[in-house]
Amino acid sequence: MGRGERKRRREEASSSEDEREGGGSSEEDSEQEEECFFTAVAEGDLPTLQKLHGEGRVDLELADSEEGDTLLGVACRFGHLEMAQWIHAQGVSLELQNNHGDTALHEASLHGQQRVVEWLLSQLPPSALSRATHDGMLPISYAALHGHTLVVEKLAAAGSALTSVNAQGHTLLHLACSEGQLETARKLHELGVRAATTDREGRSPLHIAAGASQLSTVQWLVEACALDVNAADGHGAAPLHFAAAAGDERVAEWLLGKGVDPALANHDGNTPLHYACQAGLLDLVEALLARDVPVSPKNTDGDTPFLLSCLGGHVSVCEALHRRGEDVSAINALGCSGLLQACAMGKLEAAQWLLSRAKHLLDLADAEGLTPLHHASSQGHLDVVEWLVEQGAQPTAAMRSAALEEGHSKVAKFLGKILKGTPRASSSSAQ
């Protein structure tokens, strides 16, 4: 049984009564019996667990074989307070951890089990509040991430460090803002968590919220916390870059209305227009162009926004930029044309649009000598391969070999027929 299925079964707590009672204790049935114990706990079936324990069939300190989850941790996850209290009363430590470093307090905090959290706080030493998982997450980190405001308040009142950061350098406010937990973010800010603190990549909660498409949170961070809309992270990217890269026109256009620099390039030379074009955000592209941003800036790979729109296969964006004077014959620093990039990505409509305007691109090779047909073949895009051959592109044995090496047998078979001089078959017959 896979890890995902095991987790799903426990969280849904949908096993039958027969499964809970389990089978024999032989080695071949041990995994099924283990599942029975955990299912009883997940369902809050204390009498069954007590019965199994009384029969000597269950070790209450049992950790599952895949994730290391404990019976106590699962009881706290589902908010079964009486179950957790009984397990603890049998001598089970409240500070047992699973394979990820989660304790019972982590589990209860993550799932917003306020009554269980209150009980655990009454039993645990203060050091439990600073016990981190392998990812650097404290119990209060989980509560902040999932928007359990009351649990955050309880943990903070008990002495949990509000200045804690996880392994990525994310503060509690970063975590709350990443999921749009605005109520929790406001409470953390009220408790003194600084909004301007950046993570290990130099990103503030505003960068994180913009990249997570959390418009209301973005608005609050700018308007209530006065975060700078033009602040760049350690890679030179502003919140607008994050919003455009995430494909969120609402956040991006709101930031544009707040005076953000629409032409700012990050350290890779990418502007918001690059990201908007690659994502196919026509409305945002038009909004940026209306602010007279440069149309043809090149990033460190020599790609312009137009070339990235070809890569993404966004014909409407290609057309908008072409009307602004973009040359359909442009190539990047690696010698890749828009047609080559569209074919490599399997973007047939964009490839057709480009070739209809620049026939010479059909056999134009990149810096490694590879043509659009070679790239389409190696990537397994049969429809593009067939179309390119119909347009006059010449297959080679190397293209067939590249398709075979990548496991694209249908493309290899089609190219093999062409190379042998066999009449071309359609994609439906080239099986």
Side-chain angles (χ1 to χ4, degrees), residues 277-280 282 285 295-296 298 301-431:
C277 288
Q278 186 167 357
L282 181 59
V285 168
V295 180
S296 307
K298 293 183 178 181
D301 290 326
D303 279 312
T304 62
F306 176 79
L307 287 171
L308 293 184
S309 69
C310 298
L311 180 74
H314 306 299
V315 174
S316 61
V317 176
C318 292
E319 290 175 335
L321 294 171
H322 186 46
R323 287 194 296 270
R324 292 275 184 148
E326 285 298 273
D327 183 3
V328 296
S329 299
I331 60 173
N332 66 14
L334 302 175
C336 301
S337 67
L339 177 66
L340 186 148
Q341 299 200 64
C343 291
M345 298 301 292
K347 307 298 183 180
L348 180 57
E349 183 183 359
Q352 292 170 331
W353 182 87
L354 287 158
L355 191 62
S356 70
R357 288 158 177 78
K359 299 291 186 183
H360 69 282
L361 296 178
L362 181 64
D363 293 313
L364 184 65
D366 62 17
E368 296 182 355
L370 305 179
T371 64
L373 181 56
H374 192 116
H375 281 280
S377 300
S378 67
Q379 296 299 317
H381 302 306
L382 181 58
D383 57 341
V384 177
V385 168
E386 290 182 327
W387 173 75
L388 287 169
V389 171
E390 289 173 359
Q391 304 310 305
Q394 297 300 311
T396 65
M399 295 175 189
R400 180 176 179 275
S401 296
L404 281 173
E405 287 174 7
E406 297 298 328
H408 305 305
S409 59
K410 293 179 182 179
V411 172
K413 184 176 181 180
F414 173 78
L415 293 174
K417 288 182 178 181
I418 303 300
L419 291 168
K420 290 178 181 178
T422 305
R424 293 198 292 270
S426 65
S427 59
S428 60
S429 62
Q431 305 294 316

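Remember, it's a predicted structure, so these values are computed and weren't measured experimentally.
- Side-chain contact, Gln278 with Asp303: no donor N or O sits under 3.5 Å from an acceptor N or O.
- His408 contributes atom NE2, which lies 9.5 Å from atom OG of Ser377 (distance to the nearest 0.5 angstrom).
- For the pair Gly302 and Leu307, the tightest heavy-atom approach, listed with the atom from each and the gap, is O-CD1, 4.0 Å.
- Using a 4.5 Å heavy-atom threshold, the side chains of His360 and Ser329 count as touching.
- Residue Thr304 comes nearest to Ser296 through the heavy atom pair CG2-O, 3.8 Å, listed as atom of the first residue, atom of the second, then distance.
- Enclosure of atom CD in Glu349 is not indicated, since only 12 or fewer non-hydrogen atoms of other residues, nucleotides or ligands lie within 6.0 angstrom.
- A heavy-atom distance below 4.5 Å is found between the side chains of Cys277 and Val285.
- Ring planes of Trp353 and Phe306: tilted class, angle from 30 to 60°.
- One finds the OG atom of Ser337 at 5.0 Å from the CG atom of Leu361 (value rounded to the nearest 0.5 Å).
- Atom-to-atom distance recorded for Leu404:CG and Ser378:OG is 12.0 Å, nearest 0.5 angstrom.
- Counting heavy atoms from C-beta outward, His381 and Asp383 have side chains that approach closer than 4.5 Å.
- The shortest heavy-atom contact between Leu340 and Leu364 is CD1-O, 4.1 Å.
- Atoms NE2 and CD, from His374 and Gln379 in turn, are 9.5 Å apart once rounded to the nearest 0.5 Å.
- The shortest non-hydrogen separation linking Leu362 to Leu388 is CD1-CD2, 3.7 Å.
- Minimum heavy-atom separation, Ala342 to Ala351: CB-N, 4.1 Å.
- To the nearest 0.5 Å, the span separating CE on Met399 from NE2 on His375 amounts to 9.5 Å.
- To the nearest 0.5 Å, atoms CD (Gln341) and CG (Leu308) are separated by 7.0 Å.
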Practice item. Apply side-chain contact (heavy atoms from CB on, under 4.5 Å) to Asp363 and Gln394, showing your working. Key: CA-CA 8 Å; Asp363 293 313; Gln394 297 300 311; 5.6 Å; no
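- The heavy-atom pair separating Asn332 from Asp301 by the smallest distance is CB-O, 3.4 Å.
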Check your understanding: What do the steps show when you test Leu373 against Cys343 for side-chain contact (heavy atoms from CB on, under 4.5 Å), and what is the final call?
Key -> CA-CA 7 Å; Leu373 181 56; Cys343 291; over 6 Å; no
